[in-house]
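Accompanying notes for the structure given below.
To find a chain, count down the sequence lines: A is the first, B the second, and so on, and within it residues start at 1.
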Amino acid sequence: MEKRLNLLMFSGDYDKAMAGLILANSAREMNVEVTMFFTFWGLLLLRDPEKIDMEDKSFYEKMFCALTPKNVEQLPLSKMNYAGIGRRLMKEMLDEEDAPPLTAFLKGARKNQVKFLACKLSVEILGFKQEEFYPEVEIVDAKVYLEDAWKSDIQLFI
Amino acid sequence: MEKRLNLLMFSGDYDKAMAGLILANSAREMNVEVTMFFTFWGLLLLRDPEKIDMEDKSFYEKMFCALTPKNVEQLPLSKMNYAGIGRRLMKEMLDEEDAPPLTAFLKGARKNQVKFLACKLSVEILGFKQEEFYPEVEIVDAKVYLEDAWKSDIQLFI
Amino acid sequence: MEKRLNLLMFSGDYDKAMAGLILANSAREMNVEVTMFFTFWGLLLLRDPEKIDMEDKSFYEKMFCALTPKNVEQLPLSKMNYAGIGRRLMKEMLDEEDAPPLTAFLKGARKNQVKFLACKLSVEILGFKQEEFYPEVEIVDAKVYLEDAWKSDIQLFI
């Protein structure tokens, strides 16, 4: 029987995003179906940096947009970020091992047909628009997540 | 067969608590049995703000109590808290969408008969007392959590 | 049928490590097979403090090594660390309850035959060496983690 992996991506941290995407891509290589459900800070991973659009946003939504990185390579580390120094250190270490940066893992997941879902309520609260996300992103509610999660063999909250 | 969801609530962050309670309430609407097991910082969600009691606490327990918010609406965000500014921003955004604050989600979960368990060891270490929690909270050990978790279809660590 | 618990230890926080090890040890007491897969900051839990070796490390790896605690008792709390004051407070509270410190829980897990796996990619990126870890630690890739995880009844990302 086909195996399934379901990841709830809550965090927008560089290192946690890496961990989630490495699991997702490894699972795809093993022919496992993978769903990633992005909520809250995790939604920062789904924005197409070329399509961020400040129009029709409220004052608070604009402020939120201004405070959060447009590009996933600027996301902070979950620990030892030290105003970006820790992240730079981590990236130098990735580079030394020829490990690709987050952007490449994300691209890989998109190409490998990982299913990308975005939490409707979070999208509304944070003022994102469908057009700001990658085109394959589907906006769904928590019930769709739950339905997918209990058909899965592994569920993680990242 | 009946579905079950089991959430281990470790974090006391405003946004993570929201995520957990949204899942719990959505699952209840689908007639899924939900258990939330609260440990460490998660216990801050279970205290009845009207019943916090400093008597019979050691010096360190009192200090801990003084340093942690009495009211769940004062819990910090997991990211971008910026001394409370981020949380205020998040709340303004919730408000714009007519999304209820954390207190309402918590009330909903209690009304919807989500099962609330508190980790015995954490309760003892942090010096909480049964009387400080909502009356339906049951104090149990890690084994009771594990028994419940493996009867469940989804288990998450939040 | 035999039960299995699988914990992915991403975080290197004192309190989250405690939570994971308490679950692992409780499960072992119930005769449950336990695998802990350590990745990123979680790897800081696996180093034998007597065997940390700066030779053959790159400049960035040495810097990383200098910035991270050698001894698990110096790991930060996930919240309220306040430059170590919060951790000291937590330890005083542990002490008052005669609860053992993290070192003892880790020792317990090793003695109780919890299976310790380390993520190969993280080990390479962070510049750790097999000899720096406890001898029973096995270095494996994400696929070995996934295989173990879907044979398990409970999987958590900590």
Which bit of [X] is near chain B, if near means a heavy-atom gap under 4.5 Å: side chain, backbone, both or neither?
X	result
Leu8(A)	side chain
Phe40(A)	side chain
Leu126(A)	both

Value rounded to 0.5 Å, distance of [atom1] in [X] from [atom2] in [Y]:
X	Y	atom1	atom2	answer
Ser58(A)	Glu97(B)	OG	CD	8.0 Å
Met93(B)	Glu61(A)	CE	CD	5.5 Å
Leu94(B)	Glu124(A)	CG	CD	11.5 Å
Met63(A)	Glu92(B)	CE	CD	9.0 Å
Leu23(B)	Phe37(A)	CG	CZ	7.0 Å
Ser152(B)	Trp150(A)	OG	CH2	11.0 Å

Based on non-hydrogen pairs under 4.5 Å, which of Tyr60(A), Tyr145(A), Phe64(A) is most in contact with chain B? Tyr60(A)
Given heavy-atom pairs under 4.5 angstrom as the criterion, report whether the side chain, backbone, both or neither of [X] touches chain A.
X	result
Leu7(B)	neither
Ala27(B)	both
Lys3(B)	side chain
Leu77(B)	side chain

Crowded around [X] [atom1]? As in, over 12 foreign heavy atoms under 6.0 Å?
X	atom1	answer
Gln130(B)	CD	yes
Lys107(B)	NZ	no
Lys91(A)	NZ	yes

Taking C-beta and beyond as the side chain, do [X] and [Y] meet within less than 4.5 Å on heavy atoms?
X	Y	value
Thr68(A)	Met80(B)	yes
Leu156(A)	Phe157(B)	no
Val32(B)	Leu146(A)	no
Leu89(B)	Leu67(A)	yes
Glu96(B)	Ile125(A)	no

Output, in order, the C-alpha distance, side-chain angles, deciding distance and verdict of side chain to side chain contact (heavy atoms under 4.5 Å, CB included) for Phe10(A) and Ile158(B). CA-CA 9 Å; Phe10(A) 171 90; Ile158(B) 297 183; over 6 Å; no
Heavy-atom closest pair, residues Ser26(B) and Lys143(A): O-CE, 3.9 Å
